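Presented below is the structure to which this report refers.
Both counts, for ligands and for their atoms, begin at 1 and track the order of listing. Note that these values count all heavy atoms, side chains included, but never hydrogens, waters or copies made by symmetry. Predicted, not measured: the structure shown is a model, and the values here were computed from it. Residues: numbered from 1 along the sequence shown.
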Amino acid sequence: MTSPLVLNTVGDLRRAVAAWRAKGERIALVPTMGALHAGHVSLVEAARRSCERVFVSIFVNPTQFAPNEDFGAYPRTFEADVAKLASVGADGVFAPGVKDMYPEGFCTTVSLSGPAAAGLEDRFRPAHFAGVATVVSKLLIQAGPDLAIFGEKDWQQLAVIRRAARDLDLPVEIAGGPTIREADGLAMSSRNVYLSPEERATAPLLHRTMTACAARIRAGEGIAAAMAEGRAAIEAGGFTLDYLETRDAASLAPVADDARADLRMLVAARIGRTRLIDNIAV
Ligand code: PAF
C-alpha cells in the first residue's frame, strides 16, 4: 500500500500531472470536501477503471456555504481520508488552503442559470451553485484531468457541473457515480455524522418514500398525486420538507403529470440540525 502524493499548491499539482501526462497516462480527478466514505471510495475505484492516475481533491469550499450553514462544523478528517485513499490506490491528494484557492482580491464567479435555477436546491441555498461551479471550474483548470467524477447523490450539482464544463469548453469528461447506500437505504453522506441515533433511525424514510412514490408513478398514478402523498409521508415522519419533486432527469425542468421517460425524483428535508438530500430514477 503506497501513500498518495499529498500536494498543497497548484504549481505542484500541475507538475505532477504534467509528469504523468508526459508518460501518456490518463488522469482522473475526484473532487471532494473530505470526510470520505464508501461513496467517495466508489468514485475513486470507478476513476481507476478508466485512468492510470487518480487525483482526489480535498477542499472544504467556503464559497458554497451560506453564513448560516455548517462550514465551521463540516467534518474534517484529513489523516483518515489520506489513509483511506492509500488503501484504494489513489495516486495523489490535492489539498489547497483557502488562500491558495481564493487569493487576496479574488473576484471572479462562475454562475449559471439552467439547472442551477431549477427551483430545487437553489431555492433554499441561493448562492450554493455559484460556489460549487466556481471551485469545480478552478479545480478542473488547475488539474487538467481527462475525467472528473462526481457522486449522483448531488444530482442537481452534477447537472450544474456538466453544464458549466460544456459552456466553458473545459476539455474534460464529466461522469457521475451511483449513490452508495447504507443497508437500510440511507444515502451515504459526510453529513450523516450529525444525526442523533433517533434521527438516524428515521432517516431511511426519505429513500423508502421515494421508492414507493416511484413505484406508484410507474404503475400509472399521476406525478402530482404521488408527490403530494410522498410529501405528506415525509412530514408525518418528523422531517421538515424543503422539496420532493419529480423532474426531467437531464434538464431538471418540470414535467407533465403523465410523463414517464427520463424522470428523476429529488428530495431535500431537514431532521434536527441535519439537512439530507437524495434522489432516485423513476
Ligand atoms: O460534492 C462535493 O463534495 C462538493 O460540492 C464539490 C463538488 C467537491 C465542490 O466543492
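Atoms of ligand 1 found under 4.0 Å from any heavy atom of Val135, numbered from 1 in the order shown, are 9 (C), 10 (O). Interface atoms of ligand 1 facing Thr32, defined by a heavy-atom separation under 4.0 Å, are 8 (C).
Among protein heavy atoms, the minimum distance from atom 5 (O) of ligand 1 is reached at Gln157 OE1, 2.7 Å. Protein heavy atom closest to atom 10 (O) of ligand 1, with residue, atom name and distance, is Gln64 OE1, 2.6 Å.
Using a cutoff of 4.0 Å between basic side-chain nitrogens and carboxylate oxygens, Glu173 and Arg162 are not scored as salt-bridged.
A chain of hydrophobic side-chain contacts below 4.5 Å, direct or via other Ile, Leu, Val, Met, Phe, Trp or Tyr residues, connects Val267 to Leu205. Hydrophobic clustering (ILVMFWY, side-chain heavy atoms < 4.5 Å, transitive): Phe124 and Leu276 are in distinct clusters.
Both tests hold for Arg76 against Phe71: distance to the six-membered ring centre under 6.0 Å, angle to the ring axis within 45°.
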